[in-house]
Amino acid sequence: MFSIGQENLSGSPASTKAPVKYGELIVLGCNGSLPSGDKGRRKNRFGLCRRNKANGVKPSTVHTSCTPQAAKAVNNKEQHSISYTLSRSQTVVVEYTHDSNTDMFQIGRSTESPIDFVVTDTVPGGQTQTDTQTVQSTISRFACRIICQRNPPYSARIYAAGFDSSKNIFLGEKAAKWRMHDGQMDGLTTNGVLVMHPRQGFSQDSRPGQWREMSVCGNVFTLRETRSAPQRGKMVESESNELVDGSLIDLCGATLLWRTAEGLAHTPTVKHLEALRQELNAGRPQCPVGFNTLAFPSLRRKDVLDEKQPWAYLRCGHVHGYHGWGGRRDPEVEAECQERECPMCRARGPYVPLWLGCEAAFYVDAEPPTHAFVPCGHVCSEKTAAYWSQILLPHGTHAFHAACPFCILPLGEQSGCVRLIFQSPGFYFERNRLARSHLTQRGLARGGHVIRGVWTQGIETPLPSDTCARTVRHGLGCDTAVTRFRPCVWNDTEDDGRLLRFTRQLAHREASPNVMASSNSSSPVPRPSGGGSGGFYRKERDASPSRCRPVRSLPDVCPKEPTGEGRGLCDGPSVVAEHNRWTVYSSKVNLPAALNDPRLAKRESDFFTKTWGLDFAESEVMPSFYLPNITREHFGPYLEETAQRERIHERCKTICPNKDDTDAVSSITTNHDKSRAELEQVPKIFMKPDFALEDPTTFNTVLPWSHFNSAGGKSSRDMASSKLLQEKLSHYLDVVEVSIARQISLRSEAFFHAMSSQHELQDRLQETQRAVAILRGRTAAMDRVMCQGPLRALRTALTRNNCVKLHNKLKLMAAVHQTQPTVQLLLSTSEFVGALELIATTKEVLQQELQGIHSFRHLGSQLCELEKLIDKMMVEDFSMYARSNLNRSLREEPQVLEKERLESLVFGLLRQRKLDFLDIYGDEMILAAKAIVAQCVAESVLHIEEIDTEVITKLADQMRLMTFPQWFELLKTIFETFLLFLQRIKATLNVIRNVVMEVLESNQKNRLLEEARSRPSGQDSSPGSSAQRGEAELAYLTHEGLFISDALNEAQQQQAVAQDQSSAMASRSDSALGITESSMSRDQSLISCENMMPTDLELNRVINNVQELLFTASDVSHDRCVKVLTARAKDSSLERLSSSEFVCLSQAVEGFVRDTEELCGRHSISLRGSLQSQANRFVHRFHDERKTKLSLLLDNERWKQAEVPAEFQDLVNSMADGRITLPERKTPGPDDRKPAEFLLVSGQKYAVVGTVLILIRIFLEYCQCVNDIPSIATDMLTRLSDLLKHFNSRSCQLVLGAGALQVVGLKTITTKNLALASRCLQLVVHYIPIIRAHFQTKLQPKQFSVLRHFDHITKDYNDHIAEISAKLVAIMDSLFEKVLSKYEVKAPMPSACFRNVCKQMAKMHEAIYELLPEEQTQMLFLRINASFKMHLKRQLARLGVVNDGGPQHGLVVVDVAFYTENVQALKSLERLDLNMAEIWEQKR
């Protein structure tokens, strides 16, 4: 319809006049503009164009500091940074530097200046925020930022969070954040920023993608469980944060659509939408009910209802004007429920006005608007509606639903959009004309053919027969209720007139208030006068018989039509009886409803007939894409499978039955039918299964005495009735008996056949019984002769064997009976292992040998309770041992207390699988560590009289009242005590580990022995198992054919084996009863209870836990020491320590940490971290003091050359020897050297001010501090860099900036001051590489990047020195310009001007000669000479003096010679080449 090239976007990147446009952001739910109007930065769309100056940023340096305020990047308002708060004591700050290749745009709720696009919460339905309940916004104030490349292809990338007014982003402690693999930090915002990239771009073939969440650094992650969940999703490395055309950005309250400049160039514009609206209105759509023309309002009036506003039923898609048809009578019900019934198809659904979608960026194509969203009614193209119906937008914390892009209302669950069906006034007659021409071509409209017509509300209209049939099939028979049909002859000359009259009458009827019904139960209104039969309105019809036939009813096509007798379709309904029931007479149909067929796909002349086909004839149905094309080949397998059965069936059908069988079958069939007819005469009551004459009701029904017993006497009539009843009952009995006899006769043959078979079967059973009796007699004889004697001998042998077993059992029971006293005896001596072994042996005997003994039924539970008691006793004993071992004196007694007792306890706990005993030891260890600190503090406080322990009870307060030497001695005491404490713990844990290792080795040995035994036993059968089998199967083996002697011998072998087992059991119980402390061996215990011991995996886990417990002891010791440091540092006393004191503290802590690492093998970081924290505070205070001192010195400096004391010269000399340390101060003596005038450094003289000497000592103090505390090298380097920068900048302000005039009160800044400042700066530059090399030796290789600060400082100092030199040259330059401007070539010679110049040159040389080295002096005077030659050359040119040998030329030569002589007469300038020939213009 439209050409994409009709309108060019002004913001296209290809445009050369307008700025380059990256793309646009459009807010979903605004439909062209915000509800309250676009104001400033708060609008519905925002274009991203290339800025005049790039403002993009990129990550640079990562800093780690205690608080965000401590980081310089955070406090610097000109520096972008992101702060990640990991905890209260740790914050990671990432600096961002300027990026000249990108532009940054920020989006958020805040109205502050950093926000480029202000976004507020979008309310569904296009309402303003004041229209709804005021709620707190969920959009972040600084939600996200978009970084665009300034060069092609102008890619845009999105990042979560934006920079605030101070150019910072703060991620709090509760925000989701983490450290990446490359060491960089990343995190998520509170409610997150979700992005969805469409598949295949933003076009007709687009498909929705997956929603992802963007991080602060631009990484892509899957969605969290909820929007604000603390745990992040999985990282999606295959996707990026680059925005594509059609990407959706959700900010938790508003959703944005990103359109690229290229995508907007292929998108319909507002002009296109306006042209579509005008073309839509040009078709003059009409309301099928009111017949008024509909028109969509202009795009400017998109929210104002108009009287011509189109309305639609969203259930079916029919478009109407606003009318009251089908509405409810109750206005309140109408307001609550917006559903109404469509008069076209009687479908119920929402009835809403239609609005054109005004936001062109939401369209995926330029097709006409044919579909509407449900339930809002916004109209757009088909592909656009289908695309947005598939998009699930985020809603709330974890819900998603499809929504209309123009108003953000949620779409319907069943269907998100509906196709619109319009009606046009010129369409109906054109459709009839086409249909009539189509019928004429087929030869159906002429020649007297009868074609059906449609009777609608009393108006008769002929239509083609195929049109009526299709109209009925398409819903007009049931939904739009075509009520009457009559046959007629189509007349080609009168069809247009008839249709015209039909339309006018239909319009009159539809506009009449009597006809317009208001409910589903509407019915035709009766008219009192003629004009139709039955009191209904009828159109005047031509009575000519050649045209019309009598009215004939058609079959019922409406399932709701009543089917009463005596009433047909031609009769009117009963208004009184059935006024609430819907009938075919209750319907109304107009011509649009009769001609409308929305399901045809062909398109015709205008907009409204495109979807309705060329004619009313049925076309060929296209094959379905969802159903397969069924052919005969699909039935091939079934036909092959059933072919054999089909042939058998056909063959059986050809076999003719016998004549007798046929006659018998026919006779049986006839008799059956006759008996059924006779039985039907018998009343049904006699056939009921619950028939009983005892029931009065049944009795009265069968014997109706009321007929002849009403008068209380018997008459002849009653007698006759009684006889008649008796005969009737007798007849019923005869019928039943005859039927029964007939049934018996039919089945008599089978009955007699069964009886004969029964007699034959009985005879055979008698023969079988006799044979069984003979067999039993023979078997009894064999039993008496062969079996009874041998079995008696066998029973005797078994009885003897059982008696032996019983004796052994009794002996075993006697041994078991002594178990409990023996256990009590063992427990009294703390022999837990022996008691447990005896209990286990007894339980094994009870389960295997004495199972089922009634007298021992409670012994098993008693032993279990006793075992539990032993477990508790062992745990308590181990706890007491651990407490006593850890709390005893650490210096005098041995390391391990009662080693044998400890081994016994550990072995018993392992045997009972009490593997958590190490936790008990760990708890006691923590309590002991706390007690150590308290004891050390109490002992130290006793020797300090200034501390009153009764007033100050807290240990932390007592430690803070100590002086540093007292506290430091306490700390060293605590360190020594903890080392002894760890040594004792390690010795104890080594004993426990040795016991566990011994048990583990024993298990491995036993396993190897079992494997060795199992190899030969797998080949031969075990004798014990054969004995058990022989005892159970002895009788069976005898009956299998073995000799009795063999069975007896086998029984004797079993008896011997049983005796051996019982004796072994008794001896084992006796040995268990006789266990004492002196005779118990751990190896035997391990072997006997190997099944009770833990597995190898569990034992290895215990060994690992032992090692972890040692690590825990080290961590606990460090944690208690950290408490001591923290308590002391609470009042900032550690920050006020001197360098030497802090170095002592650092060395003591490092020594303790190193000793604990060697002892425990654990690298603990808590104590080092605490020391590092204190070191950072110390460095901060150290740096502030020196910086303040340097500032005071600079502010009081008068910039005069100072004398150099001998100690400073010695300091410089020591640095030249490679010792970057601070020497000890020497006490002044009588033989001290006098101060020198210059500072000698590597053979060069440096004239310096006093501040520079102090500066040299200050940075040596920094180096000395780094030597003493290497862990603070990085912080010290940063602080020293800051100090050097401060000296450079402040000296520049005081000297070059003339700040010393106001600060110190100098009258002027002389050249001597400038030269002296330059020489001081050169001295500092000389020492910067030395300091850099020193710091490089203290840094790790990964920290070498911080050394670049020295390179920047060196460059700044050299620039400062160059500026001072330029300032000296500028002073002389201004003098030359002033003096030579008055120069005249005349006698006397030398001229006064040249004498003045030479005088000033001599003064300059006198001021700087002793301050600057000879080379710098020569270079400076060369530059001054060049300036002089330039001004002299300019003056000579102005005077017109040339080198022609004339008088004036001679005078100038004399002055020049005078100037050259005076300059070369200065010190160190004798060989200076002045090259004065350059003052003359070169001849051309």
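All heavy atoms count here, side chains included; hydrogens, waters and symmetry mates do not.
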Self-check item: Flag side-chain contact, heavy atom, 4.5 Å: R207 against Q390
Solution: yes
Quiz item: Counting N and O atoms only, with roles assigned by atom type, does the side chain of K1285 sit under 3.5 Å from a partner on the main chain of I1353, one being a donor and the other an acceptor?
Solution: no
Quiz item: Under the side chain to side chain contact (heavy atoms under 4.5 Å, CB included) test, which residues partner D182, sequence neighbours left out?
Solution: M180, Q184
Quiz item: For the side chain of R224 and the backbone of R227, is there at least one donor-acceptor N/O pair under 3.5 Å apart?
Solution: yes
Exercise. Applying salt bridge (charged side-chain N to carboxylate O under 4.0 Å, His left out), name anything that partners D99, two or more places apart in sequence or on another chain.
Key: none
Quiz item: About how many Å separate SG of C376 and CG of L411, when rounded to the nearest 0.5 Å?
Solution: 6.5 Å
Practice problem: State which residues pass side chain to side chain contact (heavy atoms under 4.5 Å, CB included) with E78; sequence neighbours excluded, sorted by chain then number. | Solution: N76, K167
Self-check item: D250 and T255: side chain donor to acceptor below 3.5 Å
Solution: yes
Self-check item: The single option from R145, K21, R50, R150 passing salt bridge (Lys or Arg N to Asp or Glu O under 4.0 Å) against D103
Solution: R150
Exercise. Evaluate the ring planes of Y154 and Y22, with Trp represented by its six-membered ring, and classify them as parallel (under 30°), tilted (30 to 60°) or perpendicular (over 60°).
Key: tilted
Practice problem: Give a yes or no on whether the backbone of V364 and the side-chain of T384 come within a donor-acceptor separation of less than 3.5 Å. | Solution: yes
Practice problem: For I147, check side chain to side chain contact (heavy atoms under 4.5 Å, CB included) against everything at least two apart and list the hits. | Solution: T102, M104, Y159
Quiz item: Around R42, counting heavy atoms of other residues, nucleotides and ligands shown, do more than 12 lie under 6.0 Å from its CZ?
Solution: no
Practice problem: Determine whether the aromatic ring centres of F105 and F117 lie less than 6.0 Å apart. | Solution: no
Practice problem: Report the residues that fulfil salt bridge (charged side-chain N to carboxylate O under 4.0 Å, His left out) with E413, sequence neighbours left out, ordered by chain and then residue number. | Solution: none
Quiz item: Hey, are the side chains of V216 and D186 touching, using non-hydrogen atoms and a 4.5 Å cut-off?
Solution: yes
Quiz prompt | Side-chain donor or acceptor of R212 paired with backbone N/O of V220 under 3.5 Å | solution = no
Quiz item: Does R41 reach the main-chain N or O of I115 with its side chain, forming a donor-acceptor pair under 3.5 Å?
Solution: yes
Practice problem: Taking the side chain as every heavy atom from C-beta outward, state whether P310 and F296 have any pair of such atoms under 4.5 Å apart. | Solution: yes
Quiz item: In Å and rounded to the nearest 0.5 Å, what is the CZ to OG1 distance from R232 to T222?
Solution: 9.0 Å
Quiz prompt | side chain to side chain contact (heavy atoms under 4.5 Å, CB included) against D205, all qualifying residues, sequence neighbours excluded | solution = Q200, S203
Practice problem: Would you check if the side chain of N281 reaches a backbone N or O of A295 as a donor-acceptor pair within less than 3.5 Å? | Solution: no
Self-check item: Validation row: W258, I158 side chains within 4.5 angstrom (heavy atoms)
Solution: no
Exercise. Let me see the working for S228 and N191 under side-chain hydrogen bond (donor to acceptor under 3.5 Å, both in side chains), right down to the final yes or no.
Key: CA-CA 5 Å; S228 59; N191 291 332; 4.8 Å; no
Quiz item: Is atom NE2 of H1349 surrounded by more than 12 heavy atoms (other residues, nucleotides or ligands) closer than 6.0 Å?
Solution: yes
Quiz item: Is the side chain of K177 donor-acceptor paired with the backbone N or O of A175 at a distance under 3.5 Å, no angle test?
Solution: yes
Self-check item: Donor-acceptor contact present, side-chain D1282 to main-chain T1278, <3.5 Å
Solution: no
Quiz item: Can you find a heavy atom in the side chain of F362 that is under 4.5 Å from one in the side chain of L28?
Solution: yes
Exercise. Determine whether V92 and R179 make a side-chain contact, defined as any pair of heavy atoms from C-beta on separated by less than 4.5 Å.
Key: yes
Quiz item: Just checking, is any N or O donor in the side chain of R157 or N241 under 3.5 Å from an acceptor N or O on the other one?
Solution: yes
Quiz item: For the atom pair CG (L276) and SG (C380), what is the distance rounded to the nearest 0.5 Å?
Solution: 11.5 Å
Self-check item: Donor-acceptor under 3.5 Å (Q79 side chain, Y96 main chain)
Solution: yes
Quiz item: When you measure from the side chain of D38 to the backbone N and O of S33, does any donor-acceptor pair fall under 3.5 Å?
Solution: no
